[in-house]
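For reference, the structure discussed in these notes is given below.
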Amino acid sequence: MTRLSVNINKIATLRNSRGGAVPSVKDATTNCQKFGAQGITIHPRPDERHITRKDVYEIKPLITTEFNIEGYPSKEFLQMVIEVRADQVTLVPDTHYQLTSDHGWDTWKNLGFLQDVISELKENGIRTSIFVDANPSMIEGAAETKTDRIELYTEPYASLYPINRSKAIEPFVEAAKVADSLEIDVNAGHDLSLENLNYMFKHIPNLKEVSIGHALIADALYLGLETTIQKYLECLK
Ligand SMILES: CC(=O)[C@@H](O)[C@H](O)COP(=O)(O)O
Ligand SMILES: NCC(=O)COP(=O)(O)O
């Protein structure tokens with residue numbers, strides 16, 4: 001079974017654009033789960049461009065599925081995710097100023113750092129995931145960190161999919177096989193959509209979870225959140 005974790009960053013983007021509390025991130029958390037989401041993902045960035053630290057603490061009590069928090073493992077980030085007892089933490093190598101996440105970790109260059117972070121998170125009962133490109137060597141490096149999972153960065157798949165879907169999926173099928181051989185579970189995310197999700201699901205049998213935000217929230221502007229979540233769940237059957 002592949003779980004759908006809805007990333008609600010963009011609900012917070014819209015809310016912050018007017019400086020008030022509408023749309024409510026708390027209501028979105030409750031309703032996404034009511035409509036069938038099997039997890040909630042957030043990425044509290046240091047500049048709080050969307051999800052704020054306050055959101056993180058307010059969302060936690062509303063989680064009835066799984067809480068996946070993504071971010072760069074700074075001391076403040078680690079303290080926060082341990083305090084709120086996230087179910088899963090996805091480590092992302094983003095700098096403060098990136099428009100969005102656009103690459104995975106160099107797991108070999110950052111091996112010692114990642115090993116320490118993974119060990120601290122696991123000591124606190126948190127499942128770990130490392131954001132990586134679909135590169136077998138980086139997955140082998142991830143295995144050395146003893147992480148529970150990797151998250152495959154899927155923008156390269158999404159951008160090539162409309163041009164050549166079989167070429168687009170190839171590196172991800174190979175990456176998932178390498179992860180499986182190393183007994184690491186596989187998540188995926190970034191730019192997944194109603195257009196490309198089912199093809200990925202059908203070609204990666206060991207795909208544990210997809211986290212989807214930008215396209216899903218954009219779809220919901222036209223279809224509504226409940227219908228949209230149902231449509232994404234249909235792509236995972
Ligand atoms: C890690 C990843 O690929 C996305 O979840 C990323 O967190 C999206 O961040 P923005 O919503 O800030 O673009
Ligand atoms: N980890 C990917 C995620 O949470 C959402 O990415 P996107 O769907 O907003 O591109």
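Whatever order the structure lists them in is the order used to number ligands and atoms, beginning at 1.
The salt bridge (Lys or Arg N to Asp or Glu O under 4.0 Å) test with Glu66 singles out one residue from Arg127, Arg85, Lys208, and that residue is Arg127.
Other cluster members for Ile163: Leu160, joined by side-chain heavy-atom distances under 4.5 Å among Ile, Leu, Val, Met, Phe, Trp and Tyr.
The proximity of Tyr153 to ligand 1, defined as any non-hydrogen pair under 4.0 Å, does not occur for either the backbone or the side chain. Contact annotation: for Asn7 versus ligand 1, heavy atoms closer than 4.0 Å belong to the side chain alone. If you look at His214 next to ligand 1, there are no close heavy atoms at all, none under 4.0 Å.
Taking the charged nitrogens against the carboxylate oxygens, Lys237 and Glu234 do have a contact shorter than 4.0 Å, which makes a salt bridge. Taking 4.0 Å as the cut-off between side-chain N and carboxylate O, Asp55 and Arg15 count as a salt-bridged pair.
Judged as a salt bridge (Lys or Arg N to Asp or Glu O under 4.0 Å), the pairs with a partner in residues 26-50 (not counting sequence neighbours) are, in order, Arg45-Asp94, Asp47-Arg49.
Side-chain atoms of Asn196 come within 3.5 Å of backbone N or O of Ser193 as a donor-acceptor pair.
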**Prompt:** Stepwise, does the side-chain contact (heavy atoms from CB on, under 4.5 Å) test hold for Tyr199 with Tyr161?
**Reply:** CA-CA 9 Å; Tyr199 192 74; Tyr161 178 88; 3.6 Å; yes
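Of the protein's heavy atoms, Ser101 OG, 3.3 Å lies nearest to atom 6 (C) of ligand 1. Atom 7 (O) of ligand 1 has His43 ND1, 2.4 Å as its closest protein atom, hydrogens excluded (heavy atom only). Of the protein's non-hydrogen atoms, His190 ND1, 2.6 Å is the one closest to atom 3 (O) of ligand 1. The protein atom (non-hydrogen) at minimum distance from atom 8 (C) of ligand 1 is Thr100 OG1, 3.7 Å. Counting protein heavy atoms only, atom 9 (O) of ligand 1 is closest to Arg45 NH2, 3.1 Å.
The line from CD1 of Ile204 to CG of Asn187 is 11.0 Å long, rounded to the nearest 0.5 Å. Between the OG1 atom of Thr154 and the CG atom of Asp191 there is a distance of 7.0 Å, given to the nearest 0.5 Å.
Under a 4.0 Å criterion applied to the non-hydrogen atoms of Lys10, ligand 1 contributes the atoms 10 (P), 11 (O), 13 (O).
The heavy atom nearest to atom 12 (O) of ligand 1, considering only Glu70, Glu155, His50, is found in His50.
Residues Phe113 and Pro73 form a side-chain contact, since some pair of their non-hydrogen atoms from C-beta on lies under 4.5 Å apart.
Near ligand 2, heavy-atom contacts under 4.0 Å come from Asn7, Thr41, Glu70, Glu151, Gly189, His190, Asp191, Ser211, Ile212, Gly213, His214.
Of the N or O atoms in Glu151, none lie within a sub-3.5 Å distance of an N or O in ligand 1.
Residue contacts with ligand 1 do not include Arg49, since none of its heavy atoms lies under 4.0 Å from the ligand.
The number of heavy atoms from other shown groups lying within 6.0 Å of NZ (Lys177) does not exceed 12.
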Contacts table for residues 210-220: side-chain donor-acceptor under 3.5 angstrom, sequence neighbours left out:
residue	atom	partner	partner atom	Å
Ser211	OG	Glu151	OE2	3.4
His214	ND1	Lys10	NZ	3.1
Asp219	OD2	Tyr232	OH	2.6

